[in-house]
**Student:** 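I have a structure I would like to understand better, so I am pasting it below and will then ask my questions one at a time.
Throughout, numbering of the chain's residues begins at 1 and tracks the sequence.
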Amino acid sequence: MDPSPPNEVEKSVQITEDAILGAIKTLEDSDNPVKNIEWTTCEDFTVELGQQQIEEYISTWEFHESWVHWSDFLEKEELEFSFRYHYRVCWSIPTACKPLCQAAASIYFFIEISKIKPKNLPVEVFYVLETNKYVHRPGQCRFREKWLNDIIESKIILMNSINF
């Protein structure tokens, strides 16, 4: 008689596989650390510098050369203890057959300037994908090209499902 019910064995195997995958990912990350840039201080920040630094940060990402992107400043928002600057970076893959892309993916960047912290501290930066609420912080998570592909694929599927 088997001492462990089948679902417990399956759980044990899954836990073991997850642990092995986690260890492999940790080793890969130590060989290829998450990249970041040195962000400007609050006192030196300008809208233009913020956009330049977003472009500089994006240049540390790994993605196929067929991707093109453009960025723009959207708005300045005043909060109780800070100013938040909103930027958008749009991504697409134009081709010779379809130079006008079927869909684009947007990543929204936010640069926050504290009203109460010392002005010589760096700005705070975070970003979200257009279809997601998860907040990414530079230097803490690795960009995945798959995110952009998923957004575009879901938009194309939606557009193809609509009959005009």
Side-chain angles (χ1 to χ4, degrees), residues 11 13-95 101 103-157:
K11 287 180 184 176
V13 169
Q14 185 62 50
I15 290 170
T16 304
E17 288 175 354
D18 290 347
I20 291 169
L21 290 173
I24 290 169
K25 184 178 180 334
T26 300
L27 288 173
E28 289 173 348
D29 287 349
S30 66
D31 290 343
N32 186 17
V34 176
K35 295 177 183 156
N36 199 357
I37 66 167
E38 189 171 319
W39 294 91
T40 188
T41 61
C42 292
E43 64 190 344
D44 293 333
F45 175 82
T46 64
V47 169
E48 295 78 17
L49 179 58
Q51 190 167 352
Q52 288 171 6
Q53 289 210 296
I54 289 168
E55 289 290 338
E56 181 184 350
Y57 173 63
I58 288 172
S59 74
T60 69
W61 291 356
E62 295 176 12
F63 52 88
H64 192 270
E65 63 188 21
S66 59
W67 285 99
V68 295
H69 71 275
W70 59 272
S71 61
D72 62 339
F73 171 71
L74 299 176
E75 69 174 330
K76 175 183 177 180
E77 175 185 15
E78 184 168 1
L79 303 171
E80 185 175 0
F81 299 109
S82 64
F83 292 102
R84 184 175 292 167
Y85 295 81
H86 300 239
Y87 298 83
R88 176 182 53 198
V89 181
C90 289
W91 296 81
S92 66
I93 303 179
T95 64
C101 62
S106 293
I107 299 179
Y108 295 93
F109 279 83
F110 305 93
I111 298 179
E112 201 153 311
I113 311 298
S114 175
K115 293 178 183 178
I116 56 175
K117 291 180 183 176
K119 297 292 182 199
N120 62 345
L121 290 178
V123 297
E124 290 188 42
V125 182
F126 56 96
Y127 61 95
V128 296
L129 304 168
E130 71 173 273
T131 59
N132 201 315
K133 292 182 181 180
Y134 184 79
V135 175
H136 300 272
R137 297 203 179 270
Q140 294 182 4
C141 70
R142 187 178 316 283
F143 169 78
R144 305 285 185 210
E145 184 178 349
K146 182 181 181 341
W147 300 339
L148 300 175
N149 283 319
D150 289 347
I151 293 169
I152 289 175
E153 284 176 21
S154 65
K155 286 181 176 183
I156 291 172
I157 289 169

**Student:** Side chains of Gln53 and Thr40: does their closest heavy-atom pair fall under 4.5 Å?
**Tutor:** yes
**Student:** Going by an N to O cut-off under 4.0 Å, is there a salt bridge joining Glu80 and Lys115?
**Tutor:** no
**Student:** Could you grab the distance from atom OH of Tyr85 to atom CD1 of Ile54, nearest 0.5 Å is fine?
**Tutor:** 12.5 Å
**Student:** Taking CD in Glu75 as the centre, count heavy atoms belonging to other residues, nucleotides or ligands within less than 6.0 Å. Is the count above 12?
**Tutor:** yes
**Student:** May I have the step-by-step check of side chain to side chain donor-acceptor pair (under 3.5 Å) for Ser114 and Glu124, ending in yes or no?
**Tutor:** CA-CA 8 Å; Ser114 175; Glu124 290 188 42; over 6 Å; no
**Student:** Does the side chain of His86 come under 3.5 Å of the side chain of Glu77 through a donor N or O and an acceptor N or O?
**Tutor:** yes
**Student:** For the residue pair Trp91 and Trp67, categorise the inter-ring angle as parallel (less than 30°), tilted (30 to 60°) or perpendicular (more than 60°).
**Tutor:** perpendicular
**Student:** Which pair of non-hydrogen atoms, one from Ile113 and one from Val123, has the smallest distance, and what is that distance?
**Tutor:** CD1-CG1, 3.1 Å
**Student:** Identify the two heavy atoms, one from Arg88 and one from Leu74, that lie closest to each other, and give their separation to 0.1 Å.
**Tutor:** CB-CD1, 3.8 Å
**Student:** Closest heavy-atom contact between Ser106 and Glu130?
**Tutor:** N-OE2, 2.6 Å
**Student:** Evaluate the criterion side-chain contact (heavy atoms from CB on, under 4.5 Å) for residue pair Lys35 and Glu62; output intermediate values, then yes/no.
**Tutor:** CA-CA 10 Å; Lys35 295 177 183 156; Glu62 295 176 12; 4.1 Å; yes
**Student:** In terms of the angle between their ring planes, are His69 and Phe63 parallel, tilted or perpendicular, with boundaries placed at 30° and 60°?
**Tutor:** perpendicular
**Student:** When you check the gap from the basic side-chain N to the acidic O, do Lys117 and Glu112 get nearer than 4.0 Å?
**Tutor:** no
**Student:** Return the minimal non-hydrogen interatomic distance between Gly50 and Phe45, and the atom names on each side.
**Tutor:** CA-CE1, 3.6 Å
**Student:** Side-chain contact test, heavy atoms from C-beta onward, threshold under 4.5 Å: evaluate it for Val34 versus Cys141 and give yes or no.
**Tutor:** no
**Student:** Can you tell me how far CD of Gln51 sits from OG1 of Thr46, rounded to the nearest 0.5 angstrom?
**Tutor:** 10.0 Å
